[in-house]
Amino acid sequence: MRVVIENVEKRFGDSKKKEVTALKNINFSIEEQEFVVLVGPSGCGKSTLLNIVGGLLSPSQGEVYFEGNEDKDPALGIVFQEIALLPWRTVYQNVIYGLEERGIGRKECQEIGQHYIDMVGLTGFEKAYPKQLSGGMKQRAGIARALAVEPDLLLMDEPFSALDAQTRTIMQEELLTIWNRTKLSTLYVTHNIQEAVYLADRVIVLSRHPGEIKEIIKIDLPRMGRDQEQYRKQFERYSDEIWNLIRHDAQAAIKEA
Ligand SMILES: Nc1ncnc2c1ncn2[C@@H]1O[C@H](COP(=O)(O)OP(=O)(O)OP(=O)(O)O)[C@@H](O)[C@H]1O
Ligand SMILES: [Mg+2]
């Protein structure tokens, strides 16, 4: 399935005076099995765009549509920065939440739930409650929940930004391994340039005020092992290229904050 984002614009605020144009002229697509990363400084509209693609917000102008299986509504898996696990449900019950909502039977829930719990490395924690989990484990559970509905599109908004640096690195590696098995079309938001170059097929760089696409950069590196020595030069070149595109806006964002 292909996702097309066409001429999307988003304005916030009711009176013309105070209106903020968060996004303008947004045009891109997410191809089947493609991992697209949105980067840009704070406030450039990354979350707004992700929420529009996920149908949680409607655009002021333009549209988002899915090509490829018009006869059914696309299934979406969403992972937010702060994982909203239901505190009264166990890991297993959280993971199968979306399946239950769809009326899927107990046995199938069990099979699918266990499959994704194993995939994210939470085997043995099925009966644990969210408060018993570390930040990284909560994020794993959130990812398993998003994958369990076998989505046509996976949306992730800074899923690892609340984690410490070591856990974050491990989670990035694991996400890549999981992604390699599922090959889901993915839209991933981050303000971390290294993370973008590490994960993306294409990086979309947004500018701010209004959020517009500055550049789309194809990362021509093998999917796995991009952090290896042999790719270091190319990795740095991509990182520098992206940093040079957002440096000015990032500095402006800090001054405003
Ligand atoms: N509900 C809202 N009402 C009014 N303005 C909003 C609303 N949501 C977002 N905005 C504004 O739209 C712009 C983009 O916000 P958004 O949260 O999408 O940025 P972001 O790139 O995700 O930032 P961050 O990196 O800090 O998460 C900002 O100027 C923000 O203040
Ligand atoms: Mg955001």
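Sequential numbering from 1 along the given sequence is applied to the chain's residues.
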- Query: Honestly curious: do Tyr92 and Tyr129 fall in one hydrophobic cluster under the side-chain, below-4.5 Å linking rule?
  - Reply: no
- No-hydrogen, no-angle side-chain donor-acceptor test under 3.5 Å, Gln114 and Glu126: yes
- Item | Pairing of Glu212 and Lys214 as salt bridge, 4.0 angstrom limit | no
- Pick out which of Gln251, Arg247, Arg208 makes a side chain to side chain contact (heavy atoms under 4.5 Å, CB included) with Pro41. Arg208
- Message: Just by distance, no angles: are the side chains of Gln81 and Ser161 close enough, under 3.5 Å, to form a donor-acceptor pair?
- Response: yes
- Ionic contact status for Lys107 with Glu111, cut-off 4.0 Å: yes
- Query: Are side-chain N/O atoms of Asp249 and Ser207 paired as donor and acceptor at under 3.5 Å?
  - Reply: no
- Do we see a donor-acceptor contact under 3.5 Å between the side chains of Asn27 and Asn7? yes
- Query: Pick one: which of Arg181, Arg168, Arg140 meets salt bridge (charged side-chain N to carboxylate O under 4.0 Å, His left out) with Glu174?
  - Reply: Arg140
- Message: Around atom NZ of Lys131, are there more than 12 heavy atoms from other residues, nucleotides or ligands closer than 6.0 Å?
- Response: no
- Please check if any side-chain donor atom of Ser239 sits under 3.5 Å from a side-chain acceptor atom of Glu241, or the reverse. no
- Query: Is it true that Lys24 and Glu9 make a salt bridge, defined as a side-chain N closer than 4.0 Å to a carboxylate O?
  - Reply: no
- Can Glu229 and Arg232 be counted as an ion pair, charged N to O under 4.0 angstrom? yes
